[in-house]
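Note that ligands are numbered from 1 as they come in the structure, with each ligand's atoms numbered from 1 the same way.
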Amino acid sequence: MSIISKKICLFGDFGVGKTSLVRQFVESQFSDEYLSTVGVKISRKSVNISSKDLDDGRNLQLLIWDIEGSNKFKAVAQNYFQGSKGAVIVGDVTQPETLNHIREHIQSFLAVNPKSYIVVALNKSDMIAAEYLENIRQMYQFNDLNNILDTYITSAKTGNNVDEIFQTLATHLI
Ligand code: GDP
Ligand code: MG
């Protein structure tokens, strides 16, 4: 059986939990320390896509690109995003300004990959009382943009919705 690989990118402000989300998804681990990302780290994980057309579904290998947070980022965004079939745009529910930057991040990604799909992750949900989370999620829907699949409340710490963000993207990549 041949393996199909697809590139996806993590993107968002510094410190929102991009590296932690990848680590939780790929290694089922979390650390409270800042996991410094030097340059770009590429992780792999296979996911199973069930399809009505295929009896036993199909495996898809995700190549997950995680870039170091940096203000100099804009200059390299083009190269980083090139060839990406999907993106997880991440904000931090404890830092409102990171949520306000999400739209800009989406636009930077779509400028390079206008046909690729995007999932929005509002991360660190374990730090906010549950009653506020649905309201926050409603505020960051981006329904006016075509390629947005969904907005999830996530926690890299507890694992809440971490598999779901990657699985949702993966089902749209085949
Ligand atoms: P990045 O710069 O976007 O890659 O962010 P990191 O993954 O390095 O995370 C930055 C900090 O936030 C670290 O101290 C992490 O332990 C912490 N962090 C990341 N995700 C979560 C989360 O879901 N919940 C909590 N409580 N802390 C988190
Ligand atoms: Mg990082």
Side-chain angles (χ1 to χ4, degrees), residues 7-45 47 62-84 86-110 112-113 116-142 148-170:
K7 172 179 174 179
I8 64 174
C9 291
L10 270 283
F11 195 43
D13 285 6
F14 179 78
V16 295
K18 299 179 297 296
T19 303
S20 299
L21 285 167
V22 177
R23 191 163 185 228
Q24 177 62 258
F25 179 58
V26 175
E27 300 169 25
S28 300
Q29 285 189 41
F30 176 79
S31 159
D32 274 315
E33 271 147 52
Y34 177 72
L35 308 164
S36 94
T37 316
V38 179
V40 178
K41 184 177 179 197
I42 303 170
S43 309
R44 293 161 204 269
K45 180 159 169 163
V47 293
L62 296 179
L63 302 176
I64 306 167
W65 288 48
D66 174 28
I67 198 164
E68 152 189 45
S70 159
N71 298 333
K72 295 179 214 131
F73 183 77
K74 280 205 168 114
V76 296
Q78 290 274 104
N79 296 330
Y80 174 65
F81 289 149
Q82 206 71 57
S84 184
V88 180
I89 308 293
V90 187
D92 175 347
V93 292
T94 70
Q95 300 185 75
E97 72 278 12
T98 69
L99 302 176
N100 294 332
H101 295 155
I102 290 175
R103 178 174 290 272
E104 203 182 312
H105 293 318
I106 291 172
Q107 286 162 344
S108 310
F109 178 75
L110 289 178
V112 180
N113 299 303
S116 296
Y117 288 105
I118 291 171
V119 169
V120 175
L122 309 179
N123 192 42
K124 307 195 189 178
S125 64
D126 58 284
M127 298 186 74
I128 297 268
E131 68 226 65
Y132 299 121
L133 290 171
E134 183 54 25
N135 268 346
I136 296 173
R137 202 181 73 84
Q138 291 299 333
M139 285 169 64
Y140 295 94
Q141 287 292 310
F142 308 103
I148 309 295
L149 297 175
D150 210 344
T151 298
Y152 288 92
I153 297 290
T154 64
S155 170
K157 187 168 188 172
T158 67
N160 178 34
N161 277 336
V162 174
D163 287 352
E164 284 79 356
I165 52 176
F166 292 100
Q167 194 70 40
T168 296
L169 257 190

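By the criterion of a heavy-atom distance under 4.0 Å, both the backbone and the side chain of Thr19 are placed next to ligand 1. Using a 4.0 Å cut-off between heavy atoms, Asn123 contacts ligand 1 through its side chain alone, with no backbone atom that close.
Below 3.5 Å of separation, one finds no N or O of Thr154 facing any N or O of ligand 1. Inclusion of Ala156 in the set of residues having an N or O under 3.5 Å from an N or O of ligand 1 is warranted. For ligand 1, the polar-atom distance check against Phe14 finds no nitrogen or oxygen pair separated by under 3.5 Å. Here's the thing with Ser20: one of its N/O atoms is less than 3.5 angstrom from an N/O atom of ligand 1. Below 3.5 Å of separation, one finds no N or O of Ser125 facing any N or O of ligand 1.
Cation-pi geometry between Lys18 and Phe11 is not satisfied (NZ or CZ under 6.0 Å from the ring centre, within 45° of the ring normal).
In summary, the atoms of ligand 1 found under 4.0 Å from a heavy atom of Ser31, numbered by their order in the structure, are 15 (C), 16 (O). Those atoms of ligand 1 with a heavy atom of Met127 less than 4.0 angstrom away are 26 (N). Ligand-side atoms of ligand 1 in range of Lys157: 22 (C), 23 (O), 24 (N), 26 (N), range being under 4.0 angstrom from any heavy atom.
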As a quick check of understanding, evaluate side chain to side chain contact (heavy atoms under 4.5 Å, CB included) for Ser31 and Arg23, giving each step before the final call.
CA-CA 9 Å; Ser31 159; Arg23 191 163 185 228; 3.2 Å; yes

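Residue side and main chain included, Thr19 places an N/O/S atom under 2.8 Å of the Mg ion (ligand 2).
Dense packing is recorded around CZ of Phe109, with more than 12 heavy atoms of other residues, nucleotides or ligands lying under 6.0 Å away.
Between Asp66 and Lys41, none of the side-chain N atoms (NZ, or NE/NH1/NH2) sits under 4.0 Å from a carboxylate O, so this pair counts as no salt bridge.
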Output a table of donor-acceptor pairs, distance under 3.5 Å, between side-chain atoms of residues 128-135 and any protein atom two or more places apart or on a different chain; print 'none' if there are none.
{"unit_1": "Glu134", "atom_1": "OE1", "unit_2": "Arg137", "atom_2": "NE", "d": "3.1"}
{"unit_1": "Glu134", "atom_1": "OE2", "unit_2": "Arg137", "atom_2": "NH2", "d": "3.3"}
{"unit_1": "Glu134", "atom_1": "OE2", "unit_2": "Gln138", "atom_2": "NE2", "d": "2.6"}

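Ring pair His105/His101 is perpendicular by interplanar angle, where above 60° counts as perpendicular and below 30° as parallel.
A 4.5 Å side-chain heavy-atom check between Tyr152 and Leu122 finds every atom pair outside the cut-off.
Tested against Leu21 for a side chain to side chain contact (heavy atoms under 4.5 Å, CB included), the candidates Val26, Thr154, Ile64, Val16 yield a single pass: Thr154.
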